[in-house]
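Scroll down for the structure; my scribbles are underneath it.
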Amino acid sequence: MLLGEYAHTVDDKGRFIMPMKLRDALHDGFVITKGLDGCLYMYSTEQWKILDAKLAALPLSNRNARDFVRFFVSGATDSDYDKQGRVLLPQNLRDYAKLDKDIVIAGAGTHAEIWNAEVWKNKQENLIENIEDLAEQMKDFGI
């Protein structure tokens, strides 16, 4: 399970240092792809295989299904960290998530999210303002 919130920076070569706590969970490699809300998603290889199987099961005859699969798979890249714990983010993914310097890596259970730090801050401020309403809606999901 990927948990926690970590502030880091992207260097001039497009690399960031993987938080030590996440390295253990992602030691067998991982996949980074475009995520929802303007961030990147980072899945362990195992979790990516589960998602990939679900995506592959979607009907090719459905335009929305094809678009959804394209969104997640076309930008996906197999990744790993180097001996210093650095991860290289491809330019297309940095552009998509507007990652230029300061980033936040946030655990989201089955995956982690990589955010532009300013966008993350604004998202969290909005979430805090609306958490009671959101919590009320979660009862429909059994939470």
Side-chain angles (χ1 to χ4, degrees), residues 1-81 85-143:
M1 183 172 291
L2 303 174
L3 305 172
E5 183 178 319
Y6 311 90
H8 284 272
T9 58
V10 176
D11 69 16
D12 293 339
K13 295 181 181 177
R15 301 172 300 188
F16 70 92
I17 296 175
M18 176 70 75
M20 187 62 79
K21 289 188 176 184
L22 298 182
R23 287 185 208 177
D24 292 337
L26 301 171
H27 68 278
D28 289 331
F30 49 94
V31 174
I32 300 175
T33 192
K34 293 177 276 187
L36 303 175
D37 301 318
C39 70
L40 302 180
Y41 287 171
M42 184 167 44
Y43 291 93
S44 68
T45 301
E46 179 181 332
Q47 284 295 324
W48 178 256
K49 287 178 182 177
I50 292 169
L51 175 61
D52 188 52
K54 290 178 182 180
L55 294 174
L58 292 173
L60 289 176
S61 59
N62 182 291
R63 179 184 308 270
N64 289 336
R66 290 191 311 268
D67 287 344
F68 194 75
V69 170
R70 280 187 198 113
F71 177 78
F72 281 108
V73 178
S74 68
T77 184
D78 289 314
S79 298
D80 208 344
Y81 47 86
R86 297 174 300 191
V87 176
L88 176 64
L89 291 170
Q91 187 66 52
N92 65 314
L93 294 179
R94 287 187 311 225
D95 291 345
Y96 170 78
K98 298 176 178 62
L99 305 178
D100 50 10
K101 183 140 177 81
D102 295 324
I103 65 170
V104 172
I105 302 144
T110 60
H111 67 283
E113 299 176 346
I114 305 170
W115 290 86
N116 169 295
E118 190 64 30
V119 172
W120 175 255
K121 179 183 174 197
N122 293 337
K123 190 96 171 145
Q124 291 302 296
E125 288 171 355
N126 186 44
L127 178 61
I128 290 167
E129 290 176 12
N130 298 301
I131 193 65
E132 285 82 13
D133 293 335
L134 181 60
E136 182 70 25
Q137 294 174 25
M138 292 300 104
K139 72 179 179 185
D140 295 338
F141 297 108
I143 296 178

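- Going from atom CZ of Arg94 over to atom CG of Asp100 covers 10.0 Å, rounded to the nearest 0.5 Å.
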Inset, instruction - Would you sort out whether Glu118 and Asn122 count as a side-chain contact (heavy atoms from CB on, under 4.5 Å), showing the intermediate values? - result: CA-CA 6 Å; Glu118 190 64 30; Asn122 293 337; 3.8 Å; yes
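- Checking Asn126, Leu127, Leu134 one by one against Asn130, the side-chain contact (heavy atoms from CB on, under 4.5 Å) holds for a single residue, Asn126.
- Between Ile17 and Ile105, the closest heavy-atom pair is O-CD1, 4.4 Å.
- Smallest separation of non-hydrogen atoms from Trp48 and Tyr43: CE3-CD1, 3.7 Å.
- Side-chain polar atoms of Asp133 and Gln137 form no donor-acceptor pair below 3.5 angstrom.
- Salt-bridge check for Arg70 with Asp67: passed, with a basic side-chain N closer than 4.0 Å to an acidic carboxylate O.
- Atom-to-atom distance recorded for Phe30:CZ and Asp78:CG is 10.0 Å, nearest 0.5 angstrom.
- The shortest heavy-atom contact between Arg66 and Leu60 is NH1-O, 2.7 Å.
- Put simply, the side chain of Tyr96 gets close to the backbone of Gly35: a donor and an acceptor are under 3.5 Å apart.
- No more than 12 heavy atoms of other residues, nucleotides or ligands shown are found within 6.0 angstrom of CD on Glu46.
- Atom CH2 of Trp115 is separated from atom CG of Leu40 by 10.0 Å, given to the nearest 0.5 angstrom.
- Shown here for Thr9 and Ile103, the closest heavy-atom pair between the two residues is N-CG1, 4.3 Å.
- Here the side chain of Tyr81 pairs a donor or acceptor atom with the backbone of Arg23 at under 3.5 angstrom.
- Separating the CG atom in Asp102 from the CG atom in Asn116 is a distance of 8.0 Å, to the nearest 0.5 Å.
- Side-chain contact between Phe72 and Leu36 is present, with at least one heavy-atom pair separated by less than 4.5 Å.
- Sparse packing is recorded around CE of Met20, with 12 or fewer heavy atoms of other residues, nucleotides or ligands lying under 6.0 Å away.
- Partner of Trp120 under the side chain to side chain donor-acceptor pair (under 3.5 Å) criterion, chosen from Glu113, Glu125, Glu5: Glu5.
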Inset, instruction - For Leu26 and Met42, run side-chain contact (heavy atoms from CB on, under 4.5 Å): C-alpha distance rounded to whole Å, both residues' side-chain angles, the deciding distance at 0.1 Å, then the answer. - result: CA-CA 9 Å; Leu26 301 171; Met42 184 167 44; 4.1 Å; yes
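- Ile32 and Ser79 get closest at one heavy-atom pair: CD1-OG, 3.7 Å.
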Legend entry - Worked check of side-chain contact (heavy atoms from CB on, under 4.5 Å) between Thr77 and Asn92: CA-CA 11 Å; Thr77 184; Asn92 65 314; over 6 Å; no
Inset, instruction - Report the C-alpha separation of Val10 and Lys101 in whole Å, then their side-chain angles, then the decisive distance to 0.1 Å, and conclude whether the side-chain contact (heavy atoms from CB on, under 4.5 Å) test is met. - result: CA-CA 5 Å; Val10 176; Lys101 183 140 177 81; 5.8 Å; no
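- The distance from the CG atom of Asp11 to the NE2 atom of His8 is 12.5 Å, given to the nearest 0.5 Å.
- In this structure, the separation between CG on Leu88 and CG on Asp80 is 11.5 Å, given to the nearest 0.5 Å.
- Nearest heavy-atom pair across Leu55 and Val69 is O-CG2, 3.7 Å.
- Under the 3.5 Å distance criterion, the side-chain polar atoms of Asp37 are left unmatched by any main-chain donor or acceptor of Cys39.
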